[in-house]
There are 2 protein chains.
Amino acid sequence: MSPKPMVRPGGRSARVQESVHATVRALVGEVGRDALTVPMVAARAGVTPSTIYRRWGDLQELLSDVAVERLRPEADPADLGSLRADLDAWAEQFVDEMASPPGRAYIRDALLGDPDGTNAGRCSAYAAEQIDVVLARAVQRGEPVPETELLIDRVVAPIMYRILFRPGRLDAAYARELVTNAVCAQQAEAGAHPTRAAAPRRSKKKPDN
Amino acid sequence: MSPKPMVRPGGRSARVQESVHATVRALVGEVGRDALTVPMVAARAGVTPSTIYRRWGDLQELLSDVAVERLRPEADPADLGSLRADLDAWAEQFVDEMASPPGRAYIRDALLGDPDGTNAGRCSAYAAEQIDVVLARAVQRGEPVPETELLIDRVVAPIMYRILFRPGRLDAAYARELVTNAVCAQQAEAGAHPTRAAAPRRSKKKPDN
DNA sequence: TCCTAGAAGCAACAAAATCGCATTAAGGTG
DNA sequence: CACCTTAATGCGATTTTGTTGCTTCTAGGA
C-alpha cells in the first residue's frame with residue numbers, strides 16, 4: 001500500500017520545516033540563543049509566527065528539534081583495529097563534542113523543550129547505535145564484547161551526568177578511564193559467572209579541579 | 001567604607017521571596033505547572049509582576065529555584081548497620097523520589113531555568129553529601145569504603161541518565177544492581193592496592209536492620 | 001482532473017514582558 | 001535615635017509575544 005496521508009512529509013510543509021530549522025541555526029550563530037524569538041525566526045524564514053506556534057508550540061520545542069538534528073552523528077565511529085582502540089576513540093570524540101560549550105547547549109535544548117521525552121530518547125539512541133557499530137565490528141574480529149547497556153551505564157551516563165550537573169570536571173583522560181573500567185568489567189564478567197557483577201582491576205580516581 | 005551591603009537577605013526582600021516560593025508551590029499543585037504564569041503567581045503572592053521579572057528573570061528560573069529547594073534532602077540516610085545496606089536503601093529511595101513523575105518534573109525544572117549551572121551543581125552536591133554521610137559512617141565502623149566519585153559515576157549517573165534520557169527503564173532492582181557493581185569494584189580496588197584504609201577503631205557487628 | 005483535508009497565511013485580539021519613574025524600607029553612619 | 005544611602009518594590013505606559021477564528025493554498029489520493 002502507498003504511504004498513509006497521516007502527516008505530510010513532503011512539499012510545502014517540508015520546505016517550511018527546513019527553512020525554519022536553517023533560520024534557527026543561522027540566527028543562533030548571529031544573535032545568540034538568548035536573543036532568539038519566535039517572531040524573529042518567522043520573519044527571517046519567510047513564515048508567519050502562527051505557523052511556528054502551531055507546528056512547534058513554542059521556542060523551546062523548536063530549539064529542541066534543531067538540537068536533536070545537530071546531535072545526530074554524521075558518520076560511524078572509526079575502525080582502529082581493536083575494540084579498546086575504537087571505544088577509546090569514540091569516547092574521546094563523544095566528550096569533545098558533547099562537553100564543548102555548543103554541545104552542552106544543544107543537550108540542554110534537546111532536553112528542555114521535550115515534554116514527552118521523545119527527543120531525549122532519540123539522543124540516547126544515537127549513542128547506543130554508535131556503540132553497537134563498534135561492538136559489532138569487535139564481534140566480527142572475534143573479540144569478547146561487553147553489552148551495550150554496560151557501556152551506556154559506565155561510559156555514556158557518567159559523561160552526561162557531568163555535563164549536565166557538574167560543569168568542568170570532564171576531559172579526554174576521564175573518558176579513557178571510563179572505557180578502561182567498562183572493558184575490564186566485561187572481561188572479568190566473561191571470566192567469572194555470567195551475572196553482571198563486575199570487578200575492574202584498576203580504578204585510579206584523580207578528581208581534577 | 002561599607003564592605004558588605006551587596007544584597008539584602010532579610011526584611012522585606014526575604015518576605016517577598018518566601019511568599020513567591022510558597023505561592024509557586026501552591027499553584028503548581030492547584031493548576032499544574034503548565035498553566036502557571038508570572039502574573040498569576042504575582043497576583044496570588046501579593047506582588048507586582050515586575051518584581052518577579054526583576055528578581056528571577058522569567059518563570060523558568062523561578063521554577064528552577066523552587067525545584068532545587070524541593071530536591072534538597074530533608075534528613076540523613078538511614079543507618080542500617082553496614083555500608084552495603086545503607087547504600088542499597090539510599091539508592092532505592094533515591095530512585096523512588098527521582099524517578100517518580102513529580103521527581104522527574106523537579107529535575108527538569110531545576111535544569112531548565114539554570115543558565116550558569118548553579119542549581120544543577122547544587123543538586124549534584126546534595127547527592128554527594130548524602131553519600132558522604134553513608135561513607136563516613138562506614139569508615140567509623142572500620143569498613144573499607146569506595147570513593148564518593150566512584151559511587152556518583154556508577155550509581156547516581158546511570159540513574160539520572162535513565163531518568164533524563166530513557167524514561168521507563170528504572171526500578172529498585174536496577175538500583176541495587178548498580179550498588180552491587182560499585183561496591184565490588186571498590187573491593188577489587190582495595191585488594192589491588194590498599195590505599196585509603198581508615199584506621200579501624202573497632203569492628204562493630206552488623207545488625208540486620 | 002477533481003476532491004479532500006492538512007497546513008499556512010492573515011488579522012484582530014489577548015496576554016506577557018519590558019521600562020521609566022516614584023516610593024518604600026534595610027542597613028549602615030554619625 | 002535621627003539621618004542618609006541605595007537596593008528593592010510598586011505602578012503604569014508601552015512594547016512585544018502568544019492565541020484564535022477564518023480564509024486560502026496545496027500535497028496526495030481517487
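All chains are named by letter (A, B, ...) in the order of the sequence lines, taking the proteins before the strands, and each is independently numbered beginning at 1. Nothing here was measured: the structure is a model prediction, and the numbers come from that model. Every heavy atom of this structure was used, including side-chain atoms; hydrogens, water molecules and symmetry mates were not.
- Salt bridge status for A:Arg54 with A:Glu61: absent, with no side-chain N to carboxylate O gap under 4.0 Å.
- Among residues two or more places apart in sequence or in another chain, the ring pair (Phe, Tyr, Trp, His ring centres under 6.0 Å) test is passed with B:Tyr53 by none.
- For A:Glu149 and B:Arg166, the salt-bridge test passes: some basic side-chain N is under 4.0 Å from an acidic carboxylate O.
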- Message: Run the side-chain hydrogen bond (donor to acceptor under 3.5 Å, both in side chains) test on A:Ser64 and A:Asp114 for me, step by step, so that the C-alpha distance in whole Å, both residues' side-chain angles and the decisive distance to 0.1 Å come before the verdict.
- Response: CA-CA 7 Å; A:Ser64 181; A:Asp114 189 24; 5.0 Å; no
For residues 101-113 of chain A, run the donor-acceptor check on the side chains, cut-off 3.5 Å, and write out each pair with its distance to 0.1 Å, sequence neighbours left out.
{"unit_1": "A:Arg104", "atom_1": "NE", "unit_2": "A:Ala99", "atom_2": "O", "d": "2.8"}
{"unit_1": "A:Arg104", "atom_1": "NH1", "unit_2": "A:Ile163", "atom_2": "O", "d": "3.2"}
{"unit_1": "A:Tyr106", "atom_1": "OH", "unit_2": "A:Arg70", "atom_2": "NE", "d": "3.0"}
{"unit_1": "A:Tyr106", "atom_1": "OH", "unit_2": "A:Arg70", "atom_2": "NH2", "d": "3.4"}
{"unit_1": "A:Arg108", "atom_1": "NH1", "unit_2": "B:Leu111", "atom_2": "O", "d": "2.8"}
{"unit_1": "A:Arg108", "atom_1": "NH2", "unit_2": "B:Leu112", "atom_2": "O", "d": "3.2"}
{"unit_1": "A:Asp109", "atom_1": "OD2", "unit_2": "A:Arg33", "atom_2": "NH1", "d": "3.2"}

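- If you measure from atom CH2 of B:Trp56 to atom C1' of C:dA17, you get 16 Å, rounded to the nearest angstrom.
- For DNA chain C, the neighbouring residues in residues 39-54 of chain B, judged by any heavy atom under 4.0 Å, are B:Pro39, B:Ser50, B:Tyr53, B:Arg54.
- Between A:Asp34 atom CG and C:dA17 atom C1' there is a gap of 16 Å when expressed in whole angstrom units.
- Which of C:dA8, D:dA27, C:dA26 sits closest to the side chain of A:Ser13 comes down to C:dA8.
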- Taking it one step at a time, do A:Arg162 and B:Ser124 satisfy side-chain hydrogen bond (donor to acceptor under 3.5 Å, both in side chains)? CA-CA 9 Å; A:Arg162 276 172 150 79; B:Ser124 146; over 6 Å; no
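- One finds a side-chain N or O of B:Arg55 lying less than 4.0 angstrom from the OP1 or OP2 phosphate oxygen of D:dT9.
- Positionally, the nearest nucleotide of DNA chain C for A:Gln17 lies more toward the 5' end than for the other of A:Gln17 and B:Leu59.
- When the C1' atom of D:dT17 is taken as reference, atom CG of A:Leu36 falls 14 Å away, rounded to whole Å.
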